[in-house]
Visitor: 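Dropping a structure here in structure tokens format, bear with me for questions.
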Amino acid sequence: MPMPSSSSSLPMILALLSLLAPSYILVDGRGLALATTPRAFSPFRPWPKDSAKYSATAAALESSKAFEGSSDYVHMKYHMGPVLSPKMHVYIVWYGAWDASDKAIIKDFLLSISTHKLEAPSVAKWWRTVRLYTDQTGHNITDSVIIGAEHDAHYSHGHSLTRMSVQQVLKSALAENNGSLPVNSHGGLYLLLSSEDVLMQEFCRAVCGFHYFTFPSIVGYTLPYAWVGNSGKQCPEVCAYPFAIPSYMPHTQPMKPPNANRGVDGMISVIGHELAEMSSNPLINAWYAGTDPTAPTEIADLCEGMYGTGAGGGYTGSVLTDDKGASYNLNGIHGRKYLVQWVWSPVLSACFGPNAQD
């Protein structure tokens with residue numbers, strides 16, 4: 001999440017590029033480069049102290065709040081695989097017990113990606129950074145998103161899931177298996193969302209969400225999918241941060257969630273994280289840093305927990321506050337507001353969001 005600061009003029013450059021972003025095209029997998037001062041940085045999430053990830057983020061907890069810019073230590077590379085350039089059809093599997101009001105918060109966020117006439121900073125402008133990534137033909141990631149179909153799975157595979165049982169849930173959600181969802185391997189993304197009483201393998205300890213693709217041997221098809229869990233009861237201080245704060249950060253106050261639901265509001269940023277990565281690396285052979293495709297560093301990993309200018313050291317950065325005191329950095333449809341992490345820009349070699357400021 002946090003990142004380093006490059007120069008006092010960078011926020012102005014970032015703001016200008018946010019307006020011009022749709023005109024930037026990557027050529028032969030290489031982005032346009034801006035001269036910036038390199039600094040190393042570490043993604044941040046307040047993982048529990050017994051987590052394997054804790055030591056990797058401990059330095060970030062104690063670092064300066066000046067994290068905000070670019071890094072020559074990051075080499076985001078294109079590996080010749082597809083990106084999601086066709087119109088995106090999001091198919092949702094609601095796993096567990098879901099209220100209609102909670103579903104509406106999430107669906108409004110998804111539909112806001114394609115809604116361009118919103119007050120800035122908007123979800124659609126946040127997505128412009130994701131759109132900068134292209135495939136080998138020069139086609140950008142789509143900005144057209146629709147919710148294709150939904151499936152209520154209830155507790156079809158129990159109250160505890162694993163990475164492999166998620167694929168069984170997805171298989172049973174397909175219409176050909178008496179579910180509700182069509183098979184769409186060209187522009188389809190499958191989003192499995194579990195309620196706050198559902199356990200998941202490594203949830204809270206190592207993951208808040210993940211994405212991959214289904215195995216034909218299990219599901220019958222290769223389909224990009226993501227799982228994201230509601231952490232409202234299980235580990236809000238980890239996966240709903242900064243709407244809840246871990247005990248080892250006693251001097252930090254939790255932010256007020258913009259939709260008055262820390263579990264679902266916490267999910268929104270993770271959903272945005274996974275959508276950005278699924279779109280730019282749907283089959284784990286497109287955009288990522290590092291040499292190991294089984295553990296890629298993707299475009300949202302680099303900016304985890306960074307929500308505004310000046311982020312770093314466990315600080316979210318400068319964000320907005322509404323008239324009820326809730327924190328947000330993006331506007332959505334139906335008057336919604338969201339707090340969503342920034343993503344890595346291939347043009348700037350830096351994390352960026354539409355709320356960047358001087």
Visitor: Do R163 and F210 meet the cation-pi criteria used here (NZ or CZ under 6.0 Å from the six-membered ring centre, within 45° of the axis)?
Guide: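 Yes - R163 lies over the ring of F210, closer than 6.0 Å to its centre and within 45° of its axis.
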Visitor: With the threshold set at 4.0 Å, does a side-chain nitrogen-carboxylate oxygen contact exist between D102 and K107?
Guide: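 Salt bridge flag = no for K107 with D102.
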Visitor: Going only through I, L, V, M, F, W and Y residues with side-chain contacts under 4.5 Å, is there a path from L320 to Y315?
Guide: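 No; Y315 is not reachable from L320 via cluster members.
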Visitor: Can you see which heavy atom on V207 is nearest to which on C239, and at what distance?
Guide: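 That would be O-SG, 3.9 Å.
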Visitor: Hey, does I333 have a side-chain heavy atom less than 4.5 Å from the side chain of F109?
Guide: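 A side-chain contact under 4.5 Å is absent here.
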Visitor: For residues 260-284, which residue pairs pass the salt bridge (Lys or Arg N to Asp or Glu O under 4.0 Å) check, not counting sequence neighbours?
Guide: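 Those involving residues 260-284 do not exist here.
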Visitor: What distance do R131 atom CZ and D143 atom CG have between them, rounded to the nearest 0.5 Å?
Guide: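 Rounded to the nearest 0.5 Å, the CZ-CG separation comes out at 4.0 Å.
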Visitor: Would one find more than 12 heavy atoms of other residues, nucleotides or ligands at under 6.0 Å from atom NZ of K103?
Guide: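 Enclosed: over 12 neighbouring heavy atoms sit under 6.0 Å from NZ of K103.
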Visitor: Search all heavy atoms of A276 against all heavy atoms of V130 and return the closest pair with its distance.
Guide: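 For A276 and V130, the tightest heavy-atom pair comes out as CB-CG2, 3.8 Å.
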Visitor: Is there side-chain contact between P236 and Y241, with heavy atoms separated by less than 4.5 Å?
Guide: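 P236 does not reach Y241 side chain to side chain.
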Visitor: Please examine the side chains of S280 and I141, heavy atoms only from C-beta on, and report whether any two atoms are closer than 4.5 Å.
Guide: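 Yes, side chains in contact.
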Visitor: If you take all heavy atoms of I106 and W94, which pair is closest and at what distance?
Guide: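 Answer, listing the atom of I106 first, then W94: CD1-CZ3, 3.9 Å.
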Visitor: Tell me, please, which residues at least two apart from Y288 pass ring-ring contact (aromatic ring centres under 6.0 Å, His included).
Guide: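 Result, ring-ring contact (aromatic ring centres under 6.0 Å, His included) vs Y288: H79.
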Visitor: About how many Å separate CZ of R336 and CD1 of I105, when rounded to the nearest 0.5 Å?
Guide: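 Going from the CD1 atom of I105 to the CZ atom of R336 covers 5.0 Å.
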Visitor: Verify, without hydrogens or angle tests, whether S172 (side chain) and V169 (backbone) share a donor-acceptor contact under 3.5 angstrom.
Guide: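 Checked: pair present.
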Visitor: Using the six-membered ring wherever Trp is involved, compare the ring planes of Y133 and W287 and label them parallel, tilted or perpendicular (cut-offs 30° and 60°).
Guide: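 Judged by the thresholds at 30° and 60°, the geometry between Y133 and W287 is perpendicular.
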Visitor: Would you check if the side chain of N259 reaches a backbone N or O of N261 as a donor-acceptor pair within less than 3.5 Å?
Guide: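 Not confirmed, N259 side chain does not pair with N261 backbone.
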Visitor: Would you call L339 and P242 a side-chain contact if the rule is heavy atoms closer than 4.5 Å?
Guide: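 When only atoms from C-beta onward are counted, P242 and L339 do touch, with a gap below 4.5 Å.
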Visitor: Passes side chain to side chain contact (heavy atoms under 4.5 Å, CB included), L170 versus V93? Steps please.
Guide: CA-CA 8 Å; L170 291 169; V93 178; 4.0 Å; yes
Visitor: Taking T309 for the side chain and S318 for the main chain, is one N or O donor matched with an acceptor at less than 3.5 Å?
Guide: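 Such a contact is absent between T309 side chain and S318 backbone.
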Visitor: Under a 3.5 Å cutoff, is there a donor and acceptor pairing between the side chains of E150 and S180?
Guide: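 No, no side-chain donor-acceptor pair sits under 3.5 Å.
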Visitor: With heavy-atom distances below 4.5 Å as the criterion, would you say the side chains of L275 and L110 are in contact?
Guide: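 They are in side-chain contact.
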Visitor: Just checking, is any N or O donor in the side chain of T162 or S165 under 3.5 Å from an acceptor N or O on the other one?
Guide: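 Note: T162 and S165 side chains meet the donor-acceptor criterion.
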Visitor: So V145 and H89, do their side chains get closer than 4.5 Å, heavy atoms only?
Guide: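 The answer is no, as the side chains (C-beta and beyond) never meet within the 4.5 Å cut-off.
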Visitor: Does the side chain of D301 come under 3.5 Å of the side chain of W344 through a donor N or O and an acceptor N or O?
Guide: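 Their side chains do not contain a donor-acceptor pair, so the 3.5 Å distance test is not met.
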Visitor: Taking the side chain as C-beta and beyond, is there a heavy-atom pair between L330 and S112 under 4.5 Å?
Guide: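 In short, these two side chains do not touch, never coming nearer than 4.5 Å.
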Visitor: Search all heavy atoms of D135 against all heavy atoms of S85 and return the closest pair with its distance.
Guide: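 Nearest heavy atoms, D135 then S85: OD2-OG, 4.1 Å.
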Visitor: If you round to the nearest 0.5 Å, how far is OG1 of T297 from CD1 of I299?
Guide: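 Spacing of CD1 (I299) from OG1 (T297) equals 12.5 Å.
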Visitor: Does the S122 side chain pair with the main chain of K125, one donor and one acceptor, at a distance under 3.5 Å?
Guide: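 Confirmed, S122 side chain pairs with K125 backbone.
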Visitor: Taking side chain to side chain donor-acceptor pair (under 3.5 Å) as the cut-off, I'd like each qualifying pair that reaches into residues 324-333, sequence neighbours left out, listed once.
Guide: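 Listed once each, the pairs are N331-K337.
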Visitor: Less than 3.5 Å apart, which donor and acceptor atoms pair up between the side chains of residues 189-198 and the rest of the protein, not counting sequence neighbours?
Guide:
unit_1 : atom_1 : unit_2 : atom_2 : d
Y190   : OH     : P182   : O      : 2.6
Y190   : OH     : N184   : N      : 2.8
S194   : OG     : W227   : NE1    : 2.9
S195   : OG     : A97    : N      : 3.1
S195   : OG     : D197   : OD1    : 2.6
D197   : OD1    : Y155   : OH     : 3.3
D197   : OD2    : Y155   : OH     : 2.5

Visitor: Starting at CE of M80, measure out to OH of Y78 and round the result to the nearest 0.5 Å.
Guide: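 One finds 5.5 Å between CE of M80 and OH of Y78.
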Visitor: For a quick test of reading the model, state the closest non-hydrogen atom pair linking L111 to I146 and the distance between them.
Guide: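 That would be CD2-CA, 4.5 Å.
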Visitor: How many angstroms lie between atom CH2 of W342 and atom CG of L302, to the nearest 0.5 angstrom?
Guide: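 If we round to the nearest 0.5 Å, W342:CH2 and L302:CG are 14.0 Å apart.
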Visitor: Give a yes or no answer on whether the side chain of D99 reaches the backbone of S101 with a donor-acceptor pair at less than 3.5 Å.
Guide: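 Such a contact is absent between D99 side chain and S101 backbone.
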Visitor: To the nearest 0.5 Å, what is the distance between CD on Q168 and CG on N177?
Guide: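 Here the interatomic distance stands at 10.0 Å.
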Visitor: Tell me, do E237 and I245 make a side-chain contact under 4.5 Å, heavy atoms counted?
Guide: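 They are not in contact (no side-chain heavy atoms under 4.5 Å apart), so the answer is no.
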Visitor: Apply side chain to side chain contact (heavy atoms under 4.5 Å, CB included) to L199 and list each qualifying residue two or more places apart in sequence or on a separate chain.
Guide: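 Per chain and number, L199 pairs via side chain to side chain contact (heavy atoms under 4.5 Å, CB included) with S160, Q234.
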Visitor: Any luck finding a side-chain donor-acceptor pair between H273 and Q341 under 3.5 Å?
Guide: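 There is such a pair between these side chains.
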Visitor: So, T137 versus H139: side-chain donor-acceptor pair below 3.5 Å or not?
Guide: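 Yes - a donor-acceptor pair under 3.5 Å links their side chains.
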Visitor: Closest approach of N355 and Y307, non-hydrogen atoms and distance?
Guide: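 That would be ND2-O, 2.9 Å.
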Visitor: Quick one: do V340 and W126 satisfy side chain to side chain contact (heavy atoms under 4.5 Å, CB included)? Show the steps, please.
Guide: CA-CA 9 Å; V340 180; W126 167 79; 3.6 Å; yes
Visitor: Tell me which donor-acceptor pairs under 3.5 Å the side chains of residues 215-225 have, and how far apart each pair is, sequence neighbours excluded?
Guide:
unit_1 : atom_1 : unit_2 : atom_2 : d
Y221   : OH     : E176   : OE1    : 2.8
Y221   : OH     : E176   : OE2    : 3.2

Visitor: Determine whether V183 and L174 satisfy the following criterion, side chain to side chain contact (heavy atoms under 4.5 Å, CB included), listing intermediate values before the conclusion.
Guide: CA-CA 7 Å; V183 173; L174 297 179; 4.0 Å; yes
Visitor: Is the closest side-chain donor-acceptor distance between H211 and E298 under 3.5 Å?
Guide: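 Yes - a donor-acceptor pair under 3.5 Å links their side chains.
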